[in-house]
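Read the structure below first, then the notes.
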Amino acid sequence: MSGQLYNRTVEPKILRQLLIRPEDGDPRYAPAVLFEGDARTGKTQLLRTFARGWAGKIPYSFLDVAAVEDRLGEDALPELLAAIAAQLSRRCALYGSLRFDRLVIGLKAAQLDLDDDPAGARRQVETMLTERLGLSTLKKVLTGVAQQALKQVPSPVEAPGGLVQVAVDAVVDGAAGRLLTRNALGRARSWYAHRDRHEVGDAVGQLIDLNTALRTPELADAASQAGELLCDALLADLRDNFRTARHADEWAAGCLVLLDNVDCALGTRFLGTVAELRTLDAAAGVSLPAPWVLAGTSRGALLGALPPAQRAAVLDLGALTDLNTPEGTDPPWARRRLPFLTADDVRKLVSTVPEARRHPNLGSCVHLVTGGHPGAAVFLLDAVAATAPGDPEHLLDAAHGASTVRDALTHHLTAGLDETVVEALITCSAARDRHDGQRLATRLPGTAGADLPLAMWDDTGTHPTTVVRALLLRNLADRTEDHLWSWRRTHEFLGGAGPADSAAPARLLHHTLALGETTAVLDELARRLGTMPLPEWLTLLLAVTSAPARGARTVATGPWPGFLPSLVNRLWTAADPLSCANRRTLHTRIAGGLAELANHLDDTCDELTDLIADHQAQARRWRPALTRSAAAPGNRFEGVS
């Protein structure tokens, strides 16, 4: 199951549209596209699919930038550039082997042990520039510098027949080296004097400065300029390949660079350098769009850290048509937030599990619990296959190795986070939205102020409580009362803190209900019923009943309208995605309670009508309850009212 992709039809089309080069005129600058998603949402799998689909058709590169940084450090930009070039230089049918003369010249200059005497240093660089650089030599230099980085390739995505291809490369590259002309190397050497920007400089001096900068990493500015120069050389090599190669006029698509986990310092530095070079081109009045497409995966930190003006210019790719920006407006960044799985996608996943036949509502249950989170859905279905529980309601409590499915899934979704950060996130899960969560985070260690590394609230509102938050709320409920941020202490803080704005009553009642103080909540809802517009009262009702619960939800009877206690209790239950009782009956009775509300007021509104229809539709998504004889022993999932 882990190798399948669902609900990912727009992303390949976005990539294809960016890759295809126009038949007439110069290509436009393609933005660096970041596919954003939370942990375990299929970002890496998406890149692997891209790599497998384009392997052998166009030059492409695929690297895990965070893994390269872990191995080589955040200053490993030369190694990262060499690894990208080494992968792009692999032979493919129409393109042959791309050359990276400028980049190799820079890398070779950086490796020289230069004389302290300036004249001697110049002679050493000039001698290096007279060396013959055949294609096989270029590749050896690139792979030599990139050796450790290339070991971090995320998965084997080579085209079929990889070993045969290596043998072909050796023969063809040798012939290409013998046919190399002096003009190609001459252009590469002189480039360091002008860098395609009409500058007139000293090429040898540039390479000496490059050597000095890379050998003195403590000089941050010098190292940054050296990285910019090498990145510029890589881009210039790509442009030269697409201008002067033998069959370049037949190359309908550009190159593809796939970078996983770009939120790290190395990824931020590389992509930031590429964006800065675009700015330099614009300032110099030249248009040199690189014939490549950069596609990376991110949890949102990279673009989130941009200055406000740059962040406002980011192109949001909600649909394929969003790429059609007016000419002259070429944004350097674009983002595509990966959508979660639909209910139909989850049902397709469930159909691959033999045990699903025993539980007709398993697909609806998994979608409810996970909200369509791809990693969580796959994990749960793997757990079903391993444990075959008798009741999907108790899936999270089923054994999973030495722990439970719930604990294992929580660990799966928070993998890689420091324990202090996870503890802070558990506390923040009590917040009802991102704003309150960030406000609480400023008081906690481990969250870097208000920076929350996991998406616990769905800003689209489709699934306001994500599976991550639902799981962490269970951990918060397990804390004892003597904990600094216990369930009670946290909800009391959130209910009382914050500005006295229009949302204050909803916030207070929400956290009051989370503490189980139902009498106070029902008193206030009953008092406001009929005295405030019905649409506003419904908004308040839904905001209040979205509260989490520490234990069983019980609402007493009292001097309130007869329908109100049961309606509050059922909406409160339905808001919990981990509460998998008989949802068909639950939603049917909520719709009935809302109809009683309309009768009580002798009034209705479009919002109430829509809400009733929504719960009726949700009820239809669940299969009817099985009879006790047909259900498995103890199967409360099908029969609880």
Side-chain angles (χ1 to χ4, degrees), residues 65 68-69 71-86 100-133 137-138 140-149 185-238 240 264-281 283-284:
V65 187
V68 174
E69 182 182 274
R71 185 66 177 265
L72 300 176
E74 61 184 60
D75 295 322
L77 187 55
E79 290 85 352
L80 179 66
L81 294 171
I84 292 172
F100 292 93
D101 301 342
R102 296 162 183 78
L103 178 60
V104 168
I105 287 173
L107 294 173
K108 283 176 68 65
Q111 295 173 337
L112 293 176
D113 186 11
L114 293 181
D115 198 313
D116 292 335
D117 174 46
R122 289 190 68 86
R123 284 193 297 271
Q124 287 176 274
V125 172
E126 289 169 349
T127 300
M128 181 208 73
L129 290 175
T130 63
E131 294 177 1
R132 183 180 181 84
L133 294 177
T137 303
L138 291 169
K140 287 178 183 177
V141 174
L142 291 173
T143 54
V145 175
Q147 183 177 12
Q148 294 302 318
L185 281 178
R187 289 196 307 272
R189 294 163 185 155
S190 62
W191 177 87
Y192 279 90
H194 56 77
R195 293 176 61 180
D196 291 328
R197 296 189 181 89
H198 314 302
E199 302 172 2
V200 178
D202 177 11
V204 174
Q206 283 267 32
L207 293 170
I208 291 175
D209 291 342
L210 173 65
N211 178 284
T212 303
L214 292 179
R215 287 178 175 271
T216 53
E218 64 276 7
L219 302 176
D221 290 342
S224 177
Q225 292 173 7
E228 179 185 291
L229 179 61
L230 290 175
C231 190
D232 205 8
L234 171 64
L235 292 169
D237 283 328
L238 275 177
D240 194 49
C264 62
L266 178 59
T268 301
R269 183 181 173 192
F270 169 64
L271 291 174
T273 300
V274 173
E276 179 62 26
L277 289 171
R278 291 179 59 152
T279 303
L280 291 177
D281 287 343

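Here, residue 1 is the first one in the sequence, and each next residue gets the next number.
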Nearest atoms (heavy-atom pairs only) where Leu234 meets Ala85: CD1-CB, 3.9 Å

side-chain contact (heavy atoms from CB on, under 4.5 Å) between Val125 and Ile208, intermediate numbers included: CA-CA 7 Å; Val125 172; Ile208 291 175; 3.8 Å; yes

State the CG-CG distance between Leu112 and Leu207, to the nearest 0.5 angstrom. 9.0 Å

So which heavy atom on Ala236 is nearest to which on Asp196, and how close? CB-OD2, 3.9 Å

For the pair Glu126 and Val204, evaluate side-chain contact (heavy atoms from CB on, under 4.5 Å) and give the outcome as yes or no after the intermediate values. CA-CA 7 Å; Glu126 289 169 349; Val204 174; 3.9 Å; yes

About how many Å separate CE of Met128 and NZ of Lys108, when rounded to the nearest 0.5 Å? 7.0 Å

Under 4.5 Å between any side-chain heavy atoms of Asp115 and Arg123, yes or no? no

Can you name the residues that form a salt bridge (Lys or Arg N to Asp or Glu O under 4.0 Å) with Asp202, not counting sequence neighbours? Arg122

Let's go through Phe270 and Ile84 carefully: what are the C-alpha distance in whole Å and the side-chain angles of both, what is the deciding distance for side-chain contact (heavy atoms from CB on, under 4.5 Å) to 0.1 Å, and is it a yes or a no? CA-CA 11 Å; Phe270 169 64; Ile84 292 172; 3.9 Å; yes

Is there a side-chain contact between Leu81 and Val145 in this structure, where contact means two heavy atoms from C-beta onward sitting under 4.5 Å apart? no

Under the side-chain contact (heavy atoms from CB on, under 4.5 Å) rule, collect the residues that match up with Arg278, sequence neighbours excluded. Tyr29, Asp330, Pro332

List the atom of Arg215, the atom of Asp113, and the distance in Å for their closest heavy-atom pair. NH2-N, 3.9 Å

Say whether, by atom type as modelled, one donor and one acceptor occur between the side chain of Glu69 and the main chain of Gly267 under 3.5 angstrom. no

Look up atom CG in Leu80 and atom CG in Leu266, then write down how far apart they are to the nearest 0.5 Å. 5.0 Å

Quick check: closest heavy atoms across Arg269 and Glu74, and the distance to 0.1 Å? NH1-O, 3.8 Å

Give me the atom names and distance for the closest heavy-atom approach of Ala226 to Leu210. CB-CD1, 3.5 Å

Take Arg187 and Asp101, measure what side-chain contact (heavy atoms from CB on, under 4.5 Å) needs, and give me the verdict at the end. CA-CA 9 Å; Arg187 289 196 307 272; Asp101 301 342; over 6 Å; no

Return the set of residues passing side-chain hydrogen bond (donor to acceptor under 3.5 Å, both in side chains) with Arg197 (not counting sequence neighbours), or none when no residue passes. Asp232, Asp281

Closest non-hydrogen contact found for Tyr192 with Ala203 is CB-CB, 3.8 Å

Using atom types as modelled and distance alone, determine if a side-chain donor or acceptor of Asn211 lies under 3.5 Å from a backbone N or O of Leu114. no

Looking at CG of Leu229 and CZ of Arg102, how far apart are the two atoms once the value is rounded to the nearest 0.5 Å? 12.0 Å

Can you tell me how far the CG atom of Leu72 sits from the CG atom of Leu77, to the nearest 0.5 Å? 11.5 Å

Spatial distance of atom CD1 (Ile105) from atom CZ (Phe100) [nearest 0.5 Å]: 13.5 Å

Would you check if Val104 and Asp237 make a side-chain contact, meaning some heavy-atom pair closer than 4.5 Å? no

